[in-house]
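Chain A is the first sequence line, chain B the second, and so forth, proteins listed ahead of strands; every chain is numbered from 1.
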Amino acid sequence: MKIERTDDSTYTIPRQGKMRVPGVLFADGRLYAGIDDGACLEQLMNVACLPGIVEASMAMPDIHWGYGFPIGGVAAFDMEEGIVSPGGVGYDINCGVRLLTTGLEKDEVQPRIRELIDVLFAAIPSGLGSHHREFRLSEKEMRAVCERGASWAVSKGYGDRGDLAHIEDLGCIGGADFEAVSQRAYERGKDQLGTLGSGNHFVEVGYVDQVIRKTQADQLGLYPGRVVVGIHTGSRGFGYQVCSESIEDLMPATRKYGISLPDKQLVCAPLKSPEGRRYLGAMACAANFAFANRQMITHFLREGMEAFFRRSAGELGVRVVYDVAHNIAKIEEHEVQGRRQKLCVHRKGATRALPPGHPLVPESCRNVGQPVLIPGDMGRYSYVLVGAPGALSRTFGSCAHGAGRVLGRNQALKATQGRRIEDELSRQGVYVRAAGRTTLREEFPQAYKDVADVVRVVEKAGLALPIARLKPIGVIKG
DNA sequence: ATGTGC
C-alpha cells in the first residue's frame, strides 16, 4: 500500500487498484505511528472503491477498525450514482453525545459526588439489555417517536421546548419511514427509550477544567469550575435490529445492481433504489429514536438532580449546550468543485462540524460555530470545540468524535486482569458506577488514545477550534 | 455497539 504525507495533519493514499477516489487520513506523525493495525487503512481504501463516492474516502485521527467502513470514517456519495451502506453508519444508529451545563459549581458537587452518582444510577436504566419496568411505547407511540424524535419526548413532558434548538437538526431527521421498521425492531425497542445501554456509553458528571477560548466558552456557558454533564448513548437494541435487518435486506441488492465489493461487509444499495430508500427510511426512524433517548435521559437527570439538591429546575439551570450524532448518514448539500451538490454523507464515528455563521448552527451560538463534542476516556478529559471553515471545505462539515481505541475489548480485558479499575479511578478523583461486571476493564483509560492528540490534529487541519477542556468527577457506565 | 456465539 502506498501512503504519502501531504502536510502536518494529512496523509493521502493515492488511487490504486479499484479505488475511484483517493483516501485521506487526518493525522500527524505521532498519531500515524500509533496506527499499528493496517486493517483500518485497508477499510479506508475499500470505501474509496464504492460507486458514486465524491472527492475522497476520509478518516479522522480517531480511526480504528469497524464493520466494513472504518470507525472515524467520512464518505459522501452522489445522489444519482451513489450508494448508501449500513456499514457506513454502524450498528448503533445515531450514537451521539449531548452536553449539559448547570448552575452548579464543582466545589458544591464534588464532596457529594458518590451520593449523586448513586441517585442518577438508580434513575437511569443502565447496562446490557437495560429497559424500563413500566414505561412502554405502544406501536402508535413508537411511530411518533420515529417520526418526531426529541420533540416527541418534549411534547410528553420530558424536557423543555428550549432544549430542541440545541440539537443537531432540532432532534429530528427527515425521511423516517415507519413501514420500513419490523415488528421485531419495535418489540425490542418499546421499553428501551430513556436507557443508557452498555459498552462505551456513559453519563458523566464533570466540570470545566480549562477554558481555551474565553469569548466562545462564555457564550456556550462554559465557565471555569462549572459543573457539566455529558451523555453518550444511541438507539439501543432498536437501532441494532434495524441495522442487522437492513444488512440482510441489502445483501441481494448489491448483486442485483451489479456493484462489486472489495469486502462483503460493505453491502450497499443505490441511493435511488427501493432498497436504498428503505434503509434510509428505517435508519431515520432509529436516528430519531436515539435523539428521543438522549432527551429522556436528560429529563431523568434533571428530576434526579432536583430531588438530590432539593432545588427547583430554574435554580439548577440544566441547559443543553449541544447534542450531536456521530453514527449517521444524511442527505446534505455541499460545494463540490465550485458547484452545489446534494450528497449522502456517511459519518461513522465522526461528528458534524459547522463553522460560525452557518444557518444550521443554533442562533444562540451562530457567531461561534456549531459545538463539536469530543469525549475522551473515563479518567482523563473531554473537549468542547466549535466547527471551523476547514470542515466545510475539506470534510463535508465533519470532525472527529472521540479518543479512538488503542486496545480492543479483549485486549483490554487481558491487560487489566485482576485489577480493580473503580479503585484506581477513585484514587484519581473519579467515582464510577457500572452495571456490567467487565465494562470498566474493557473501558479502562489506557484502552483509548489520549484525546488531546486527536484534538490537536483536527485543530491543525482547520476542522474545529478547541474551546474548553472538561474533567470527570463521577461516571455511570453500562 | 448488541437480549454478544452457526
Length of the line joining A:Glu443:CD and B:dT2:P, which is rounded to integer Å | 11 Å
Rounded to the Å, how far apart are A:Asp92 CG and B:dT4 P?
-> 16 Å
Identify whether the distance between the nearest side-chain nitrogen and carboxylate oxygen of A:Arg427 and A:Glu422 falls below 4.0 Å.
-> no
Looking at A:Tyr381, does the NZ or CZ of A:Arg469 lie under 6.0 angstrom from its six-membered ring centre and within 45 degrees of the ring axis?
-> yes
Separation of atom CZ in A:Arg184 from atom P in B:dT2, rounded to whole Å | 16 Å
Taking only the side-chain nitrogens and oxygens of A:Ser198, find out if one of them lies under 4.0 Å from OP1 or OP2 of B:dT2.
-> yes
Under 3.5 Å, which donor-acceptor pairs link side chains of residues 280-293 of chain A to any protein atom two or more places apart or in another chain?
unit_1   : atom_1 : unit_2   : atom_2 : d
A:Asn288 : OD1    : A:Ile173 : N      : 2.8
A:Asn288 : ND2    : A:Cys146 : O      : 2.8
A:Asn288 : ND2    : A:Ile173 : O      : 3.1
A:Asn288 : ND2    : A:Ala284 : O      : 3.3
A:Asn293 : OD1    : A:Gly194 : N      : 2.6
A:Asn293 : OD1    : A:Thr195 : N      : 3.1
A:Asn293 : ND2    : A:Thr195 : O      : 3.1
A:Asn293 : ND2    : A:Gly234 : O      : 2.9

In whole angstroms, how far is the P atom of B:dT2 from the CD1 atom of A:Ile247?
-> 15 Å
Would you mind classifying the nucleic acid contact of A:Gly199 as base, sugar-phosphate or nothing, using non-hydrogen atoms under 4.0 angstrom?
-> sugar-phosphate
For atom OH of A:Tyr67 and atom C1' of B:dT4, their distance in whole Å = 15 Å
First encountered from the 5' end of DNA chain B, between A:Leu128 and A:Tyr91 = A:Tyr91
Indicate, with a heavy-atom threshold strictly under 4.0 Å, whether A:His131 touches base, sugar-phosphate, or nothing.
-> nothing
Report the distance from atom CG of A:Asn293 to atom C1' of B:dT2, rounded to the nearest whole Å.
-> 14 Å
Here the distance between atom C1' of B:dT2 and atom CG of A:Asn94, to the nearest Å, is 16 Å
How many Å lie between OH on A:Tyr240 and P on B:dT4, as a whole number?
-> 8 Å
Under 4.0 angstrom, heavy atoms only, what part of the nucleic acid is A:Gln192 near: base, sugar-phosphate, or nothing?
-> sugar-phosphate
Is A:Glu245 touching bases, backbone alone, or none of the nucleic acid, heavy atoms closer than 4.0 Å?
-> nothing
Determine whether the side chains of A:Glu443 and A:Tyr448 contain a donor N or O and an acceptor N or O closer than 3.5 Å.
-> yes
Partner residues of A:Ala123 under the side-chain contact (heavy atoms from CB on, under 4.5 Å) criterion, sequence neighbours left out | none
